[in-house]
2 protein chains.
Amino acid sequence: MFYLLIMLTYLGGKLSIYAHRKDVYNLLMPRTKQTTKTGIIAIAKVAGVAPSTVSRFFNNGQVSAKTRAKIEKAVEKTGYRPDARAASLRRGSTNRIGVILPDAGNPAYSIAMRVFHDQLREHGYSMVLGCTYGSVEEEHKLLQFMQQDHVDGIILYTCEGPQDKISHQMLKQLLDQKIPIVYVGKQNTLLPTDNLSVDNKLGIEKAVRYLKRIGRKHIAFLSGDTSNWAYQQRVESFKRAIKSLKLKTSPKSILAHGQSTVETGSALFPKLMEQAPRTDAIICSNDTMAIGAMYAAQQLGMKVPEDLAVIGFDDIQMASLVRPQLTTIRQPILDIAQQTCQFLLSRLSGDMASMALQSLLLEPELVVRESA
Amino acid sequence: MFYLLIMLTYLGGKLSIYAHRKDVYNLLMPRTKQTTKTGIIAIAKVAGVAPSTVSRFFNNGQVSAKTRAKIEKAVEKTGYRPDARAASLRRGSTNRIGVILPDAGNPAYSIAMRVFHDQLREHGYSMVLGCTYGSVEEEHKLLQFMQQDHVDGIILYTCEGPQDKISHQMLKQLLDQKIPIVYVGKQNTLLPTDNLSVDNKLGIEKAVRYLKRIGRKHIAFLSGDTSNWAYQQRVESFKRAIKSLKLKTSPKSILAHGQSTVETGSALFPKLMEQAPRTDAIICSNDTMAIGAMYAAQQLGMKVPEDLAVIGFDDIQMASLVRPQLTTIRQPILDIAQQTCQFLLSRLSGDMASMALQSLLLEPELVVRESA
DNA sequence: AATTAAACTGGAAACGATTCCAGTATTGTG
DNA sequence: CACAATACTGGAATCGTTTCCAGTTTAATT
């Protein structure tokens, strides 16, 4: 009788007389607890068991054959699949790994990325990808995003130099949250992260030394991505090597601009020849640029390697496919990628949480082919 | 007095006399409601406001200047960042897009992938990547995973042929959940998804026709990834073109094996010459294989294009970098990628939810360079 | 058959956000 | 100054899992 009255006044459009007091209102008009249409409690109901049991079913917990059958039938019928978001929220881990690299379009990185993808997937992780294009700000944003997304671990091909601190705070926070980070490309002495890198300085040195040995007098350097520390370092190493080998090179023989692509290489080379026409050898900050430059040289009527020796950096597959084949400073991309994954996975497996820091500095090797 | 007694008996090691009944026990020993150490309610407490207000603060809701300041201070102090998982659980959307492609290491795809990454990121989406390597089972698994992960949309470079049905059920389910899918690589006539593809048949036809025109008599075909429908289709189209142009080609001039890589191309070519020594032209199912085959031919002392004409498919950057430059069937990878994103983004923006199906079949173009 | 141990199941509290509502403070208007 | 409109804030429910306990069945053991 009482309820009926309420309903009527409510349906009438106003809920005044009996429900002007909040407590009364809430009592009589609770949030419409609508029956869940999806989710584990729905399917539990269908199967006639408790949600906790269904959860166990999906997580290799112990469930009797009978119950298992009931649940399987219900799953079959409803097409139910557990929601990974909810699970991860409750459980803590997402089984997601963040991978940050300068450029997924550059073969040097996309090959590494493939290794990451395969290995991570094999271990049940999925991979979210972010590209920085050499921008430290972007790197920072991506890290922040990945923190909020609660990835379980991060592979970071950083482009930050030792002087930059933009991401430092963020990384520290991530580490405090016990999120393992593998740092690729440079050693971060300030933070306890595993790291892998190739000795850029040594690589460039080898190249310069070689060019001197084969009698080149005017060596130039072409670089892109000046905001990316790895490339900066290569330029710096070049300057230092020149000095220590007592070669003379005007600042005009060092050009740095744009992205490190084939196009940039092609575009930069003519400029270089204008500024430093006596150039008889160039080193480029990576293979794609070197290939671009080499072709530009040929277009200008120069013979490689007779008139111009060309040396790249990375040893991507393309290097041995172009003609003349590119002489280059090889970094073992695949090995690095493989090892990077190993570092991360061992951290993730957890039993090695307190494992000592792993650090690897690889020695690059000069691969002499036809272009120098 | 009463409580004290309970505490004592509990501390004594047993909780028997007063707590042997479940309800009494639960009453006296509620789940330790430990103070939340992290999360929005923690920071709300620090700032002295309600969680709902903090939420508004982070979602551009209306918050007064005073409150805003309080929250900012608290955020500053605690380093709090909202948890994207929880938000997505409650709100429904994840701002995550799944991208599935055959091989992220293949330049044809990695270039497309870069486009996806950049455009999606620009619109606030992150990208999870999955590679199938031509396996329909893997494609299915990835789709299933992405469903559970509740991505907001999917870009799918499928490798399923029209006969396969493995993923059909899954895709239907996804579409029922209003998750937009853009289908790249073939038209799916059974499902209402936007789709883009290049006319493989026409492309191959053009190539065969051209080879006939320049007087080649014994044309062979090299393919990899036989499980990937796109590649299958190219082989089939080849057979059909041969027949319709009344050329004679023995089944021995068609080899298909392994992944479509440079290495496979190199490995397959000598076998081909054994089986069909009179071959004077080959078409490969993609550029990387073509490059591999071309170099293998040169290694065998054959001259390209004089002794052997080589035609690839895709027109990746490398095609114009190798010597001789590769003649190839060009598909406008960048345009396709761009358009794919547009399709997806317009679906996601929602106001076009009921928009008509978008379907695009692009015409490939034969780019004649030096190798044929 | 009587215990004891083991396997299994159910109930309810989290995880950390968002979102309705309903209040309260603040401003604007005549 | 009164009163309406508007801006702002707080409370509680909810998203869909997992997990801890306690309780209950089944199996093992002597």
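Residue side chain B/R90 reaches the base of D/dT14 through a donor-acceptor N/O pair under 3.5 Å, judged by distance alone.
Using a 4.0 Å cut-off between charged side-chain N and carboxylate O, A/D194 and A/R347 make a salt bridge.
Within the 4.0 angstrom heavy-atom criterion, only backbone atoms of the sugar-phosphate kind lie near B/S64; the bases stay farther away. B/R68 comes within contact range of no nucleotide atom at all, as no heavy-atom separation falls under 4.0 Å. In this structure, B/R85 reaches neither bases nor backbone, as no heavy-atom distance under 4.0 Å exists between it and the strands shown. Contacts of A/V54 with the nucleic acid, taken as non-hydrogen atoms under 4.0 Å apart, are absent.
If you take CG of A/L89 and C1' of C/dA13, they are 13 Å apart, rounded to a whole angstrom. Rounded to an integer number of Å, the gap from CD1 of A/I43 to C1' of D/dT17 is 13 Å. Rounding to whole angstrom units, CZ of residue A/F57 and P of D/dT18 are separated by 12 Å. If you take CD1 of A/I40 and P of D/dT14, they are 18 Å apart, rounded to a whole angstrom. B/K66 places its NZ atom 11 Å from the P atom of D/dC8, with the value rounded to the nearest Å. The interatomic distance linking A/H150 (NE2) with C/dC15 (P) rounds to 13 Å, in whole Å. Atom pair B/D83:CG and D/dT17:P shows a separation of 17 Å (rounding to whole Å applied). Protein atom CD of B/Q148 is 17 Å distant from nucleotide atom C1' of D/dC15, rounded to whole Å.
Minimum atom distance to the side chain of A/S55 is reached by D/dT19, of the listed D/dT19, D/dT26, D/dG16. Taking every side-chain heavy atom of A/A87 into account, D/dT18 is the closest of D/dT18, C/dA17, C/dC15.
Between B/Q62 and D/dA7, a side-chain N or O to OP1/OP2 separation shorter than 4.0 Å is absent.
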Worksheet item: Going through the distances and angles, do A/Y80 and A/F58 end up as a ring pair (Phe, Tyr, Trp, His ring centres under 6.0 Å)?
Response: CA-CA 11 Å; A/Y80 166 82; A/F58 277 105; 5.6 Å; yes
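Rounded to the nearest 0.5 angstrom, B/K70 NZ and B/T53 OG1 are separated by 9.0 Å.
Two residues, B/Y80 and B/R56, neighbour DNA chain C, and the one matched to the more 5' nucleotide by heavy-atom proximity is B/Y80. Nearest-nucleotide mapping onto DNA chain D: of A/S52 and B/T53, the residue sitting toward the 5' end is B/T53.
When atom types are taken as modelled, the side chain of A/D164 and the backbone of A/E160 share no donor-acceptor pair closer than 3.5 angstrom. Checked by atom type and distance alone, the side chain of B/N59 never pairs as donor or acceptor with a backbone atom of B/G61 at under 3.5 Å.
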